[in-house]
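All chains are named by letter (A, B, ...) in the order of the sequence lines, taking the proteins before the strands, and each is independently numbered beginning at 1. Hydrogens, waters and symmetry mates are skipped; everything else that's a heavy atom, side chains included, is used.
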Amino acid sequence: MNIELIIKDQVAAAIKALYEQTIDPSQVQVQLTRSEFEGDQTVMVFPFLRISKKSPEVTGAEIGAYLAANVPEVSGYNVVKGFLNLVVDDNYWLERLNEALPDERYGFVPVTDKSEMVMVEYSSPNTNKPLHLGHIRNNLLGFSLSEVMKANGYKVVKTNIVNDRGVHICKSMVAWQKFGNGETPETHGKKGDHLVGEYYVKFDQQYKSEIAELIAAGRTEDQAKEEAPSIVETREMLLKWEANDPEVRNLWQTMNGWVYKGFDETYKTLGVNFDKIYYESDTYLTGRDEVLRGVKEGIFQQESDSSVWANLEAEGLDKKILLRSDGTSVYITQDIGTAQLRYRDYPIDHMIYVVGNEQIYHFQVLSLLLDKLGYKWGKDLYHFSYGMVELPNGRMKSREGTVVDADDLVAGMVDVARTVSMELGKLEGYSDTEKEHIYHIVALGALKYFILKVDPKKTMTFNPEESIDFNGNTGPFIQYTYARIQSILRKAKETGIAIPGRAETDSLNEKERNLLKIISLFPEVVREAGKEHSPAVVANYVYDLVKEFNSFYHDFSILNEPDLKVRDFRLAVAETVARIIKNGFSLLGIQVPERM
RNA sequence: GGCCCCGUAGCUUAAUGGAUAGAGCAUCUGACUACGGAUCAGAAGGUUGUAGGUUCGACUCUUACCGGGGUCACCA
């Protein structure tokens, strides 16, 4: 049993015995003792002063004496002001280590048939341009959150809704028709998503110059934006698309195909994946049907121009359009359709949308609309909203060319990993493919850790220079510690030293104690990450563990330790630390290298 | 303007209402024939945006203000 819970229960028992009052153990406040005081767990005595009617010091001493006498795990205590510091017996920490040692899945709750199912939607790209830094945060958070939920015993379905239809893709199509000369990814050796993105940019340039011309010819800006030939052409194409025009559909499929191939590559590089992909082109009609059903049932209102609206003023929000006057769908319509299809496909208990915080309002509305349409799960859909990624000089702007492309970024990080690694020359004797594999693991470790260690809610600054720093609180620093432990374990095996199945020791030095304390926290950290929906909790914990281990490693020898019992104990600790690094990093979607 | 989010060391950031606000980078000082130095030990750096309130105790809760961002489309 967890020491915190033991203490809470026993403090409640102490208060019952000493002051004849019953309190709920959950009201007892326990925290880790600060390192400058003696002890492991600290109980706040202030809340009990009303019960004891004595000073903080006396109350703390009385409770402390009771615990020391009655609780085997508590071997001593001291009181500083209103803080009761408890010394936890070494055997307790040793037992926690021995639970972790043989358990490959230490810290994880197993998934069973009875587990609840959670669907996580993330990524959700548009098919008119390649993925950039902002998408990277989305993908990494979505994947990591999925792993965290799995580790908390949920069945997880990772899903992606691809926004594959609409004006944006038509713009790229128009530009390609006009300027493309039949260019394909194959003919020019380009990644499909990048190629389509180039035509999206070309469209924008063309459109802008047309607007400028029209304004020069005497039109107002609004008129020019409406009448520019490119945009007229785009609208026509969208209509043809909706009317299933074979030629347009064909081009659409071809160009989207290019993009998907490019995306698949990027996803593979990032190490993210999906169990089920939905396409907006398949779901928007379902959404429209649902909205029309809502009209029939009087939930939504149709105006005289035949546009459909939801009135959410009673809920404190505004009116929201659901279908345009020409009967076509808007953004939120397809989300309704997608939700319906998903719940038809899977027995979902919880739905999590990983979408940027600029869409908080959108998901409030979606939740209400689904609820009004009679879906019992509408109310408790969870919008995992995360902050934007900014660059040191501000927000990314495609117009100013300050967008950081996902593929370029990863390639750049791999280059740095390669350079650093070659300078250190630790990978001699490895084949080039093996080396490249390790560079890739390290580069992605750096990128992922840099992004995931930050609280998802916060707007984060991405400094490309700092992100490729491999020292300090970084992914590679942690990976390095893992590789070093593996090196020790390898050496142990080579010299015929067996890794013990059970850790034994007569006494713990301070750093060993600290390590065991941190090790015992891991399962709790995983729970908290699940509850808070925050991979950052795991990242910061693993860093703490690694820091403590490195300090220990520097001060004490393991294989060279003359006392064999102590040596074996430390091997067990090292093995467990490596396991936690590996398990913790797996929750972040980060791999650990055996050497680097 | 209404509503929402964020302001912590020069920079990037951490802290279930608890003790002297914890790290990393950068800066400075030490430790290398090293169980892997991509390391470790240490120094310096803070009025937690400002002013009140609640509390034994506030970075945390609350009010007002200041600064930054988002959102209120027949865009997605």
Worksheet entry | Pairwise salt bridge (charged side-chain N to carboxylate O under 4.0 Å, His left out) hits with a residue in residues 523-535 of chain A, at least two apart | none
Item to complete: Check side-chain contact (heavy atoms from CB on, under 4.5 Å) between A:H132 and all other residues, then give those that pass, not counting sequence neighbours.
Response: A:H135, A:M396, A:V403
Worksheet item: For RNA chain B, what string of dots and brackets results from 5' to 3' when Watson-Crick and G-U pairs need both distances under 3.5 Å, crossing pairs get [ ], and pairs with another strand get |?
Response: (((((((..((((....[...)))).(((((.......))))).....(((((..]....))))))))))))....
Discussion item. Between B:G22 and B:A9, how many Å separate the two C1' atoms, rounded to a whole number?
Written reply: 12 Å
Item to complete: Could you work out the separation of B:A73 and B:G68 based on their C1' atoms and round it to a whole Å?
Response: 25 Å
Item to complete: Look at all strands and tell whether A:A483 reaches a base, only sugar-phosphate, or nothing, counting heavy atoms closer than 4.0 Å.
Response: base
Worksheet entry | Selected nucleotide, minimal atom distance to A:Y543 side chain, candidates B:A19, B:G24, B:C4 | B:G24
Worksheet, complete the sentence: In short, A:H533 meets A:F384 closest at the heavy-atom pair O-CE1, 2.8 Å
Using atom names, set out every protein N or O paired with an N or O of nucleotides 37-40 of chain B below 3.5 Å, distance rounded to 0.1 Å.
from, atom 1, to, atom 2, distance (Å)
B:G37, OP2, A:R484, NH1, 3.2
B:A38, OP1, A:K426, NZ, 2.7
B:A38, O3', A:N471, OD1, 2.6
B:U39, OP1, A:N471, OD1, 2.8
B:U39, OP2, A:N471, OD1, 2.6
B:C40, OP1, A:N550, ND2, 3.4
B:C40, O2', A:H554, ND1, 2.9

Worksheet item: Taking atom P in both B:U33 and B:G24, what distance in whole Å separates the two?
Response: 25 Å
Discussion item. So A:T461, base contact, sugar-phosphate only, or nothing? Heavy-atom distance under 4.0 Å.
Written reply: sugar-phosphate
Worksheet entry | For A:Y353, all residues meeting ring-ring contact (aromatic ring centres under 6.0 Å, His included), sequence neighbours excluded | A:F363
Worksheet item: Looking only at atom P, what distance separates B:A15 and B:C28, rounded to whole Å?
Response: 31 Å
Fill in: Separation of B:C3 C1' from A:Q364 CD (nearest whole Å)
9 Å
Report each atom pair, protein N/O against N/O of nucleotides 15-18 of chain B, whose distance is under 3.5 angstrom.
from, atom 1, to, atom 2, distance (Å)
B:U16, O4, A:V30, O, 3.3
B:G18, N7, A:Q29, OE1, 3.2

Worksheet item: For atom C1', what is the distance between B:U8 and B:G49, given to the nearest Å?
Response: 10 Å
Worksheet entry | Separation between the C1' atoms of B:C56 and B:A14, rounded to whole Å | 27 Å
Discussion item. Just so I know, are the side chains of A:R570 and A:E512 near enough to count as touching, which here means a heavy-atom distance under 4.5 Å?
Written reply: yes
Item to complete: Test the A:R165-A:Y284 pair against the cation-pi criterion, namely NZ or CZ under 6.0 angstrom from the six-membered ring centroid and within 45° of the ring axis.
Response: yes
Item to complete: Taking all heavy atoms of A:I332 and all of A:I321, pick out the closest pair and write down the distance.
Response: CG2-O, 4.1 Å
Practice prompt. Pick the P atom in B:A19 and in B:G37, then give their distance to the nearest Å.
Written response: 36 Å
Worksheet item: Could you state the CZ-P distance from A:R570 to B:C35, rounded to the nearest angstrom?
Response: 14 Å
For residues 487-497 of chain A, which side-chain donor-acceptor pairs fall under 3.5 Å, sequence neighbours excluded?
from, atom 1, to, atom 2, distance (Å)
A:R490, NH1, A:E594, O, 3.4
A:T495, OG1, A:K491, O, 2.8
A:T495, OG1, A:A492, O, 3.1

Practice prompt. Could you check whether A:F556 gets within reach of a base, just the sugar-phosphate, or nothing at all, counting any heavy atom under 4.0 Å?
Written response: base
Item to complete: Quickly work out the A:F450 CZ to B:A23 C1' distance and round it to whole Å.
Response: 14 Å
Discussion item. Determine whether the aromatic ring centres of residues A:F556 and A:F552 are separated by less than 6.0 angstrom.
Written reply: yes
Discussion item. So A:N85, base contact, sugar-phosphate only, or nothing? Heavy-atom distance under 4.0 Å.
Written reply: base
Worksheet entry | Results of side-chain contact (heavy atoms from CB on, under 4.5 Å) for A:E236 - residues two or more places apart only | A:V232
Worksheet, complete the sentence: In A:V308, A:V330, A:V365, the residue satisfying side chain to side chain contact (heavy atoms under 4.5 Å, CB included) with A:K320 is A:V365
Worksheet, complete the sentence: Whole-Å distance, A:L32 CG to B:A14 C1', equals 15 Å
Worksheet, complete the sentence: When rounded to whole Å, the NZ to C1' distance for the pair A:K457 and B:G7 reads 14 Å
Worksheet entry | Euclidean distance, atom CD of residue A:E548 to atom P of B:A23 [Å, nearest integer] | 12 Å
Worksheet item: Can you check the A:L559 CG to B:G36 C1' distance for me, whole Å?
Response: 12 Å
Fill in: Which residues share a side-chain contact (heavy atoms from CB on, under 4.5 Å) with A:Q27, sequence neighbours left out
A:I23, A:D24
Worksheet item: Which salt bridge (charged side-chain N to carboxylate O under 4.0 Å, His left out) pairs, counting each pair once, include a residue from residues 535-559 of chain A, with sequence neighbours left out?
Response: A:K511-A:D555
Worksheet entry | Nearest-Å distance for atom pair CG/P, residues A:L545 and B:A14 | 19 Å
Worksheet entry | B/S/- contact track for nucleotides 69-76 of chain B, protein heavy atom under 4.0 Å | SSSS-BSB
Item to complete: List in chain and number order the residues that pass side-chain contact (heavy atoms from CB on, under 4.5 Å) with A:E313, two or more places apart in sequence or in another chain; answer none if no residue qualifies.
Response: A:N311, A:K319
Practice prompt. Check whether the ring centres of A:F462 and A:F450 lie less than 6.0 Å apart, and answer yes or no.
Written response: yes
Item to complete: Answer with base, sugar-phosphate or nothing: what part of the nucleic acid does A:T474 contact at a heavy-atom distance below 4.0 Å?
Response: nothing
Discussion item. Quick check with a 6.0 Å cut-off and a 45 degree axis cone: is A:R595 positioned over the face of A:Y430's six-membered ring?
Written reply: no
Discussion item. Between B:A51 and B:U60, how many Å separate the two P atoms, rounded to a whole number?
Written reply: 13 Å
